[in-house]
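Protein chains get the first letters and strands the later ones, always in sequence-line order, with residue 1 at the start of each. Atoms considered below: every heavy atom in the structure, side chains included; atoms not considered: hydrogens, waters and symmetry mates.
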Number of protein chains: 2
Amino acid sequence: MGKIDIPKKAIYRLSIYHRCLQKLHDNNVETVSSTTLARAAGVKPAQLRKDLAYFGQFGTRGLGYPVEILSNIIRETLGREHLQPVILVGAGNLGSALLRYQGFGREGFEVVAAFDSMPEAAIARGVMIPVISIDRLEEFIEERAIKLAILCVPVEAAQSIANRLVNAGVQGILNFSPIVLEVTEEVTVNNVDLALELEHLGYFIR
Amino acid sequence: MGKIDIPKKAIYRLSIYHRCLQKLHDNNVETVSSTTLARAAGVKPAQLRKDLAYFGQFGTRGLGYPVEILSNIIRETLGREHLQPVILVGAGNLGSALLRYQGFGREGFEVVAAFDSMPEAAIARGVMIPVISIDRLEEFIEERAIKLAILCVPVEAAQSIANRLVNAGVQGILNFSPIVLEVTEEVTVNNVDLALELEHLGYFIR
DNA sequence: GCATGTGAAGTGTTTCACAGCA
DNA sequence: TGCTGTGAAACACTTCACATGC
């Protein structure tokens, strides 16, 4: 993976820290202690310090961390210095809702295009992002050097579309299908399995 | 939590095993070995066996596990013997897409009602599930003894709505807001943070 | 004095490897 | 023989506790 030995979970927390730091920056806070930032992020202070230490030494003893500098370092670490283009595949029910979802843009991702086997139907739903025929998937990925894709196709199609994405050069897939995708080692898949999350809750309610 | 000492992650995998078992059952398979089931679920055989062993002994040495029986046991363990009623709060963009999402019903959950501060607007989007004024939230939860809620309100409102849910008796929250909810210990929160998942991928693409 | 950075201890989870049983 | 069930080893991650430095 290139980078050294950093717990996967620490990467997730980095995103959370980044959000908290942005909020602090908006409030003109310049320095923050591990205790304060940890509380905002919902973790223990020691964990926060250890997470940050994986990447270097950014704090001043007796004082804390510089909000803006730390925020920028995390942004860079997460590969988000530049606006990252993303495509969405499968503009059905969930897919077109995600197209309208503001959250991605707010965090610095631009959904540049959507693909569907029936692009006309999707356009009719009032989506502002271009919906393109799935036939032109590979062409687009290569032309625009797309690295990230959001996959919302029906479960039967998921694996075959995933294969096409990977072959065309996609390196990260955010997968909404309830299926374990098989991909080569260089590709990272993040699963968002809505029904599974709900089932998981079922276990904990008495 | 009542139950003994079972890794949280094992609970998640239980849901996946359950899905695989259902598929096997549909294909009239009666017995399955840990190797086969593990491959389908994307885990190692030893892990599958250990996960199942937390709940008892269901396999036959030299043969494997009985598909139907094991499937039922997992269903019961996950608290899904009966159809579980769920409410959704916040029928905005993402929320109303989730209302139309078929996946929850497929896995045995019934979204019985949605709540919004502007219920009329949501109804106009063609949702078939009743959308009720947020004012009647507590009333409904208590009347129907709702235990699970899907939370899709704007981030500013998330914590206060969560408080209302918990006070009314909700024990599990599937939270789509990018915020760390603070709840009492008896309540379980599952976070689905879409932007965070995308950010996480950003780290791994070169 | 105060808050970071970090070895070391602790906790939780996964994997191994093999005994035990159909 | 084949496959489960499980102690023990390995690994991964978290927390502690304190030396270090501003």
Side-chain angles (χ1 to χ4, degrees), chain A residues 1 3-17 20-21 24 29-71 73-74 77 180 188 200 203-204, chain B residues 1 3-17 20-21 24 29-71 73-74 77 180 188 200 203-204:
Chain A
M1 194 52 58
K3 285 115 182 181
I4 25 164
D5 181 33
I6 298 158
K8 272 184 219 125
K9 289 190 169 182
I11 311 291
Y12 270 100
R13 289 191 296 266
L14 234 44
S15 299
I16 300 175
Y17 303 152
C20 299
L21 287 165
L24 289 169
V29 178
E30 292 188 355
T31 309
V32 66
S33 72
S34 63
T35 313
T36 309
L37 185 52
R39 181 150 41 224
V43 302
K44 295 243 161 78
Q47 179 158 101
L48 170 63
R49 293 200 300 274
K50 189 136 268 192
D51 285 346
L52 297 180
Y54 288 123
F55 303 98
Q57 303 192 174
F58 313 113
T60 309
R61 291 167 198 234
L63 193 67
Y65 297 93
V67 171
E68 188 166 8
I69 293 175
L70 185 55
S71 175
I73 286 167
I74 294 181
T77 305
V180 181
T188 309
H200 184 245
Y203 177 80
F204 292 100
Chain B
M1 195 48 58
K3 286 117 182 182
I4 24 165
D5 180 33
I6 297 159
K8 271 185 219 124
K9 290 191 170 181
I11 311 291
Y12 270 100
R13 288 191 296 265
L14 234 43
S15 299
I16 300 175
Y17 304 153
C20 298
L21 287 165
L24 289 169
V29 178
E30 292 188 354
T31 309
V32 66
S33 72
S34 62
T35 313
T36 310
L37 185 53
R39 181 148 43 221
V43 302
K44 294 244 162 75
Q47 180 158 103
L48 170 64
R49 293 200 298 274
K50 188 135 266 192
D51 285 347
L52 296 179
Y54 288 123
F55 303 97
Q57 304 191 174
F58 313 114
T60 309
R61 288 163 201 238
L63 195 67
Y65 297 93
V67 171
E68 188 166 8
I69 293 175
L70 185 55
S71 174
I73 287 167
I74 294 180
T77 305
V180 181
T188 308
H200 183 246
Y203 178 80
F204 291 102

Any residue in residues 7-17 of chain A with a heavy atom nearer than 4.0 angstrom to DNA chain D? Just list them by number, or reply none.
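Only A:P7, A:K8, A:K9, A:R13 qualify.
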Could you encode protein contacts along nucleotides 15-22 of chain D as a string, one character per nucleotide from 5' to 3', using B for base contact, S for sugar-phosphate-only contact and - for no contact, with a heavy-atom cut-off of under 4.0 Å?
BBB--BBB
Pairs flagged by salt bridge (Lys or Arg N to Asp or Glu O under 4.0 Å) wherever residues 46-59 of chain A is involved - sequence neighbours left out:
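For residues 46-59 of chain A, and leaving out neighbouring residues, the salt bridge (Lys or Arg N to Asp or Glu O under 4.0 Å) pairs sorted by first residue read A:R13-A:D51.
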Which residue lies toward the 5' end of DNA chain D, B:G59 or A:D51, if each is placed at its nearest nucleotide?
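Result: B:G59.
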Between [atom1] on residue [X] and [atom2] on residue [Y], distance to nearest 0.5 Å:
X: A:T77; Y: A:I11; atom1: OG1; atom2: CD1; value: 8.5 Å
X: B:L37; Y: B:T31; atom1: CG; atom2: OG1; value: 12.0 Å
X: B:H200; Y: A:K8; atom1: NE2; atom2: NZ; value: 8.0 Å
X: A:I73; Y: A:Y17; atom1: CD1; atom2: OH; value: 15.0 Å
X: A:L14; Y: A:L52; atom1: CG; atom2: CG; value: 7.0 Å

With sequence neighbours excluded, tell me which residues meet side chain to side chain donor-acceptor pair (under 3.5 Å) with A:S71.
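Listed in chain order: nothing, the list is empty.
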Show every donor-acceptor pair shorter than 3.5 Å between a side-chain atom in residues 59-70 of chain A and any protein atom, with sequence neighbours excluded, or say none if there are none.
none

Whole-Å distance between [N] [atom2] and [X] [atom1]?
X: B:I69; N: D:dT4; atom1: CD1; atom2: P; result: 15 Å
X: B:L48; N: D:dC3; atom1: CG; atom2: P; result: 14 Å
X: B:Q57; N: D:dT6; atom1: CD; atom2: C1'; result: 9 Å

Apply ring-ring contact (aromatic ring centres under 6.0 Å, His included) to B:F55 and list each qualifying residue two or more places apart in sequence or on a separate chain.
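Listed in chain order: nothing, the list is empty.
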Identify the 5'-most and 3'-most nucleotides of DNA chain C with at least one atom closer than 4.0 Å to a non-hydrogen atom of chain A.
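Under 4.0 Å from chain A, the extent on DNA chain C is C:dC2 to C:dA8.
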Contacts of type side chain to side chain contact (heavy atoms under 4.5 Å, CB included), residue B:I16, not counting sequence neighbours
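Listed in chain order: A:L196, B:C20, B:A41.
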